[in-house]
Every structure is written in structure tokens, then in C-alpha cells.
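Input: a single structure, listed below in C-alpha cells.
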There are 2 protein chains.
Amino acid sequence: MAVDVVVLTIENREILALLVKVKTGPAAGRWAFPGGLVALQESLEAAARRELAEKAGVADIFLEQLFTFGDIDRNPIHRVVSAAYFALVPHERTHLRTGAKYAGIGWFPVKRLPRLAYDHNRVAETSLQRLRSKLSYTNIAWSLLPESFTIAELQEVYEVILDRPLDRRNFRKKVLDLGLIKPIASKRRGPHRPAQLYVFRSREPIISEIL
Amino acid sequence: MAVDVVVLTIENREILALLVKVKTGPAAGRWAFPGGLVALQESLEAAARRELAEKAGVADIFLEQLFTFGDIDRNPIHRVVSAAYFALVPHERTHLRTGAKYAGIGWFPVKRLPRLAYDHNRVAETSLQRLRSKLSYTNIAWSLLPESFTIAELQEVYEVILDRPLDRRNFRKKVLDLGLIKPIASKRRGPHRPAQLYVFRSREPIISEIL
DNA sequence: GCAAAAGTGTTGAGATTACACCCATGC
DNA sequence: GCATGGGTGTAATCTCAACACTTTTGC
């Protein structure tokens, strides 16, 4: 029994996935999602969090079970059943570390992934679907943003994930009406009119029609 | 590694779950969802289908992965990670068989389940949530109905699962406009005006706003 | 003063809800 | 003929989508 962790983030208007380079075994040399065997005295979720802390240097982020992959031939040597977990992080909070176990680590655009080890391309597909579908009825997007952010930045998260432009005025109206964010006393400055910064009223997961 | 199967059906305006009575081990005497260890040369889904055929006597029905429960203390003797599967059957197609493994088998209203073995009350909760949420954006309700049915019977499925009454005229309009069902040449007779029978145009799972 | 992004309301179309009467059959 | 569920349309409300100009800053 193993866990794999799909860590996604957004940077530069692209969804990125965290991959590690496999060092040993039949998949050596290929990129894969970080993961490993579950210890006997460890819950599945704890194993996923451990993996996340070791490789991405992040704790206390959005993490949920994605799907359990249990086909008999997914690993050519041993029978491995693997629970995939799905995590979202604000890009600037991550600190990648290879550790001794892998030959490399890095961020890859999910739209242009290489051929991955095992059945991990399928895992990637599943996680993208999950991200898209949860976006519209939960506040999951919050997990990809820093503590404070502008409405334009929030809208960008939605546009990148849904892969289509959204109307600026309608978006602003919608998210303000939902009452999930509140303005703070500072502004984002740049070579243009400063933008109001907001924070989330609550970091709890919420289910409600968003878009 | 084990699988558990939550089989739900509707009968008499109630959602029923299929439970078996555990014969041996620390949970002996308690009711639980049917399940068992996954064979080495068997995928998770195949194991779930095998369980379903053995206990409920049904094959070729709606079945999907629900959640994998992997807490360390869910079974007091051995560490068992269990992938729960979720199945829906038309009540009249089932033929219950205990088999040698269990001390009993039966249908129980999900709203009034006894205290189940292991963490199965939690499994039951999760499956009910899944049923409710999928109802509104997929054609999952079809899986609970026989080959042909009246619109009133379809509406009853929705009302029982959502636990609220729906407007008869609006429901009829909605499902006919969706174009997923078509009338056939016969009617359901009774001590009142006969009702038009319908069949599904396709039994494939469909994702679209339903209600 | 100009470039660049922020901020702001209204209107029309389509969808959703609420609601009441007649119809066809079995007994 | 009466009890039972089947079948049908419309109006009012709400939601969603489309759309353009003014404001504030940095340079």
C-alpha cells in the first residue's frame, strides 16, 4: 500500500505539477508524482502529509484524497495499490527538496507533461478533472493564493483553471456578493492604479455555487 | 488491502442499504457492509464486483469507487486499508445470498442504521453524501429504476434521495426537455388513469445539470 | 500626458418557481 | 359516480451574460 501526492500550483498563468525523478527500479529515469509506502503505524492521510512536507516543504495546506489506483499491472514488479492525494499550494510557499530518494525534483506545466512513470499520466488527468469540477462549487481556489490578494489575482486563478476568460465586472460582483472575502487596509501597488487587497473571512472549506 | 461495497436501493419511499452480519473476529455479531480481502491477481474494482455478485446476486450495475479508508485503528486486530465502492441497484433485480462467510444478510433503511462494525457508519455517511450530490448533476438516478418506468416513479426517486417534495409539472417539463428518456408503447395500469411508460435513450452515465 | 490596470451599473434573455383544473381508469 | 393518480400552461421572479467609460497611479 502506497500513497502518491499530486501537488498543483499556479505560476505565470499556468498550472504546474510537482514531479520527482525516479532513481531506481523499472521506472528509473522517469518523472513521477512523489509518493511511497505507507508505514504500518501511519494513516493514509498522514503518509501523504509526510510526503508533502519532505518534498515540497509545505504543511498545513489543502489536501484531500483523490482516487485509489489498484490495477494489478500498474507496477511491473510488485502489486502496489496506491491512494493518490491531491494538494494545492500557493507557489511562493513551496521549498523543493529532492531528498536522497529521488534523482531530481521540479515543477512541470500540467498541459505538457512528459510520459510519466507507472500510471501517473492517468493520475494527472484525474487530478485536473477534480480541480476543474471542485472549482465551481467550492472555495478551493483560495488554496492557491497567498494570505492577501487582489480580485484580479483571484480571477486569474479561475481563468487559468477553467482555461477561459471571465467577465471582470460579473466576476467581481459575484465574489463580493458571496461575502467570503473582505478588504484590508492596504493596496497592491504597481505602474498603474493601486488595487484593493482582500483576505478570506475564513480558511475553512465551503461548499456553495461559486461560478 | 480490502474492499467494502455499499449497495443502495430504493423501496417503499426509503433508501435501503445492504448489510451482512459478521460471523467471526472482534466485530462478530455486528452488521457491516459486505467486503473482503483483495486477491493478489485482482483489481480493486473486480474485487468489488465479485463481492456484489456473491452477496446481492447482481452484475452489470452502477458501481464506482467511493473513498479509501485507511486509519490505523479501524480494525482492532490487523491493519486493514479498505477501498469502499458504491453501487446502486433496482430493488427487484437483487437476490440476496448469505454465503458461508456471514451469519445473515438484509436490507436496512439508511436513515436508521444500527451501530455497524468497524468504521462503517462513517462509510454509510460518505455514501449518502455521494448519492445526494451526484443526483443533481448526473443521471445516476436511472440506476435505481427498472427498464421501464413512469415519470412519477422517476420523480419519487428524486424526492426520496433529496428528502423533499418536487413540483410535479416542473419536474416533468425538466426531464422531458433533457431528452434522456423516451415514451414506449405501453402504460402502467392501476385503479386510476394509466401512466405513460418511458425508457432511457441510453444507459451510459451522463454529466449534465439535472435539477 | 500617456500607458496600464482598477473600479463601477444597467439591460435583456433565459431559467426557475409557483400554482389549479380536467382526464382516464378501476371499482 | 367517485376516488385516485396522470396530464397540462402561464405569469412573475430571479439569475446570468453582455457590455464601455472613468479613475488612479508610475513613469
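Order of the sequence lines fixes the chain letters, A, B, ..., with proteins taken first and strands second; residue numbering starts at 1 for each chain. Computed from heavy atoms alone, side chains included, the values below leave out hydrogens, waters and symmetry copies.
Spacing between atom NZ of B:K187 and atom C1' of C:dC23 amounts to 11 Å, rounded to whole angstrom units. At whole-Å resolution of the value, CZ in B:F149 and P in D:dG6 are 14 Å apart. When rounded to the nearest whole Å, the span between CG of B:N170 and C1' of D:dT10 equals 11 Å. If you measure from atom CZ of A:F171 to atom P of C:dG9, you get 18 Å, rounded to the nearest angstrom. In this structure, the CD atom of A:E156 is 13 Å from the C1' atom of C:dA5, given to the nearest Å. Here the P atom of nucleotide C:dT8 and the CG atom of A:D177 are 12 Å apart, to the nearest Å. Separating the CD atom of A:Q155 from the C1' atom of C:dA6 is a distance of 12 Å, rounded to the nearest angstrom. One interatomic measurement links the two molecules: CD of A:Q196 to P of D:dT25, which rounds to 12 Å at whole-angstrom precision.
A donor-acceptor contact under 3.5 Å is formed by the side chain of B:R169 with the base of C:dA20. In the interface, the side chain of B:K173 is paired with the base of D:dT10 through a donor and an acceptor atom under 3.5 Å apart.
Both B:P194 and A:R193 sit near DNA chain C, but only A:R193 has its closest nucleotide nearer the 5' end. When each of A:D167 and A:H192 is assigned the nucleotide of DNA chain D bearing its nearest heavy atom, the one mapping closer to the 5' terminus is A:D167. For the pair A:R172 and A:P191, nearest-nucleotide mapping onto DNA chain C gives the more 5' position to A:P191.
In this structure, A:R189 reaches the sugar-phosphate backbone alone: every heavy-atom distance under 4.0 Å involves primed, P, OP1 or OP2 atoms, never a base. Base engagement by A:R168 is indicated by at least one non-hydrogen atom pair under 4.0 Å involving a base atom.
Salt bridge status for A:R97 with A:E54: absent, with no side-chain N to carboxylate O gap under 4.0 Å. Salt bridge status for B:E156 with B:R13: present, with a side-chain N to carboxylate O gap under 4.0 Å.
Below 30°, between 30° and 60°, or above 60°: for B:F33 and B:H120 the angle between ring planes is between 30° and 60°, a tilted geometry.
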_Apply ring-ring contact (aromatic ring centres under 6.0 Å, His included) to residues B:F200 and B:F149 and explain how you reach the verdict._
CA-CA 9 Å; B:F200 304 121; B:F149 52 88; 4.5 Å; yes
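Looking only at atom types and distance, the side chain of A:D71 has no donor-acceptor partner in the side chain of B:S43 under 3.5 Å away.
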